[in-house]
Participant: 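Shown below is the structure under consideration.
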Amino acid sequence: MNQVKFVFRLLMTLIGCGFPLSTIGQVVISLDSTMVVSQEYVGNGVQWDPYRLDYGQVKLKLSDSDIAKLYSRLDFMQPGVIRMMINASSLVASDGTPDFKGYYGNLQPLLDYCQSRGIDVVFGDWGGSLVDKKTKQIHTKNIENVIAFVDYLLKEKGMDCIRYFNFVNEPNGYWSSTDGDFSLWAKGMKVTYAEMERQGIASQVKLIGPDAAIWTKEDTWWVQQSVAELGNMIGLYDIHTYPSKYTVATNQYYDIIKAYRDCVPAGNKIIMGEIGLKYVAPEDKDLNELNQSRAKSARYASLDDSQMSVYDFSYGIDMADALIQTMRAGYSGTVAWMLDDAMHSNEAPDKLKIWGFWNIFGDEFFGAEQEMVRPWFYAWSMLCRAIPSGCDILYSESADPLSIKCAYARKDGNYSIILLNISDTDVDVSIKGAPSPAAKNVKTAIYSERSLNNIATELSLPEEKSSCFPGLDEVINIPANSLIIISNII
């Protein structure tokens with residue numbers, strides 16, 4: 001009953017389906033359905049890569065029950081796009097001959113899911129065997145092989161969910177196989193595009209790029225130069241961001257990523273190909289130290305590449321904040337890093353990159369508690385469901401953007417109003433330009449620490465079934481540190 005009381009505190013009915021009236025100051029949210037920020041949204045989703053399986057101490061495999069659990073959780077989330085990366089070296093047998101069938105088994109459950117649910121896949125190669133940064137060589141034969149594998153997936157396996165191909169991960173970084181060498185990366189992109197044309201898949205699968213990892217505005221030239229040198233070879237632009245919590249909370253993140261969006265030619269789209277939070281700003285020094293301490297105390301956590309806040313409710317608020325700014329900056333999709341801890345390790349086979357919503361091999365090896373969904377799964381699921389593929393992102397503005405963040409979406413005549421309170425106090429909000437209160441099938445979903453403590457089942461959210469969009473004179477009380485979505489899309 002506590003859950004019900006909390007929901008009705010937010011949405012109790014005074015007149016019709018009105019919101020509670022306020023006696024204190026209000027933050028005005030302005031919405032305008034005639035002003036379109038971006039059209040035909042690609043979608044929000046996750047990074048879902050083939051599983052490592054060999055963890056040094058033990059070798060595991062996805063069981064039927066593991067796959068069923070993954071599918072049910074993803075069905076709840078409803079991702080619109082999934083990024084999936086492989087290593088071309090895995091496609092070759094010990095004698096050096098291509099071995100597509102042998103590798104396909106590890107990919108099949110992932111691609112089967114995307115194909116059966118109509119989810120667009122950004123498929124690609126990490127790049128380690130495609131480029132040699134020491135000799136500045138492009139390994140043409142390996143590019144031929146990986147494109148032949150994509151052709152195999154499309155034609156023999158019927159996986160036309162694969163819509164984009166990613167050549168080399170984060171090529172602007174020193175950690176990348178291109179070592180930040182734009183000319184080397186662009187040369188490889190041209191070789192890849194020519195190979196896609198030669199094998200007859202260029203009309204079906206588009207190149208995505210530059211896939212650059214950025215923290216400031218300094219690398220906007222990577223997008224500008226990609227436009228200048230590669231032109232129509234790029235079918236979808238993307239960058240990666242791992243902003244600090246402080247950068248996101250203060251809205252500096254919006255200014256940074258908007259600079260990259262502004263470099264993309266009119267009529268072209270850009271998505272956030274990876275996103276997660278890191279505590280890199282000086283203002284987040286204490287959070288960074290705490291994160292390192294938590295990783296050290298976790299038996300299976302990578303010390304160099306883990307975000308231990310995924311266990312905390314607050315990470316869902318932070319990721320929602322970043323996504324809202326990404327939408328408002330004109331991006332057409334966002335891919336969260338990452339779905340499952342069991343996908344990647346660092347330093348040692350059993351030192352996992354802790355970034356996921358869970359670890360599917362918790363019961364088998366890493367600890368049963370690791371298999372449970374973590375709080376930010378619910379925030380991200382709400383945002384995937386309320387902002388689906390094909391929707392339009394509309395104008396929204398908050399009069400107090402440092403406390404209340406907002407976004408607005410429309411699909412097929414239905415709407416989602418996204419409201420986020422990142423402050424430590426409740427805030428009353430008045431919405432101007434909301435859809436008609438007479439709209440049907442409107443729900444209100446709430447992500448707050450209190451609401452999740454009262455959640456009924458693993459795959460359920462607190463919802464008010466008889467909610468309405470707020471009228472002109474109605475006020476919504478947004479609890480401290482909460483995400484609220486009012487929608488007849490969700």
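FYI, the numbering just counts along the sequence from 1. Quick caveat: nothing in here was measured; it's all calculated off a predicted structure.
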Participant: Report the residues that fulfil side-chain contact (heavy atoms from CB on, under 4.5 Å) with Arg163, sequence neighbours left out, ordered by chain and then residue number.
Facilitator: Asp120

Participant: I want to check a possible cation-pi pair here: Arg73 against Phe377, using under 6.0 Å from ring centre and within 45° of the ring axis as the test.
Facilitator: no

Participant: With sequence neighbours left out, what residues match Asp400 under side chain to side chain donor-acceptor pair (under 3.5 Å)?
Facilitator: Ser403

Participant: Look at the aromatic rings of Phe182 and Trp221 and report parallel, tilted or perpendicular, splitting at 30° and 60°.
Facilitator: tilted

Participant: Counting distance only, does the side-chain N/O of Glu170 pair as donor-acceptor with the main-chain N or O of His240 below 3.5 Å?
Facilitator: no

Participant: Do NZ/NE/NH1/NH2 and the carboxylate oxygens of Arg117 and Asp75 come within less than 4.0 Å?
Facilitator: yes

Participant: Between Tyr447 and Tyr378 (judged by ring centroids, cut-off 6.0 Å), do the two rings come close enough to count as a pair?
Facilitator: no

Participant: When you check the side-chain N and O atoms of Asp181 and Thr178, is any donor under 3.5 Å from an acceptor?
Facilitator: no

Participant: Taking the six-membered ring of Tyr242 (Phe, Tyr or Trp), confirm whether the NZ or CZ of Lys278 is under 6.0 Å from its centre and within 45° of its axis.
Facilitator: yes

Participant: With no hydrogens and no angle check, do the side chains of Gln252 and Thr247 hold a donor and an acceptor under 3.5 Å apart?
Facilitator: no

Participant: Between Asp318, Asp286, Asp284, which is the residue that forms a salt bridge (charged side-chain N to carboxylate O under 4.0 Å, His left out) with Lys245?
Facilitator: Asp318

Participant: Taking Asn421 for the side chain and Ile478 for the main chain, is one N or O donor matched with an acceptor at less than 3.5 Å?
Facilitator: yes

Participant: Sort out for me which residue in Tyr315, Trp376, Tyr279 forms a side-chain hydrogen bond (donor to acceptor under 3.5 Å, both in side chains) with Ser309.
Facilitator: Tyr279

Participant: May I ask you to establish whether Arg294 and Tyr311 are in a cation-pi arrangement, using a distance under 6.0 Å from NZ or CZ to the six-membered ring centre and at most 45° from the ring axis?
Facilitator: no

Participant: Does the cation-pi check pass for Arg374 over Phe357, that is, NZ or CZ under 6.0 Å from the six-membered ring centre and within 45° of its axis?
Facilitator: no

Participant: Quick check, are the ring centers of Tyr55 and Phe366 under 6.0 angstrom apart?
Facilitator: yes

Participant: Please check this pair: side chain of Tyr71 against backbone of Pro109, looking for a donor-acceptor N/O pair closer than 3.5 Å.
Facilitator: yes

Participant: Between Trp358 and Asp340, does any side-chain donor sit less than 3.5 Å from a side-chain acceptor?
Facilitator: yes

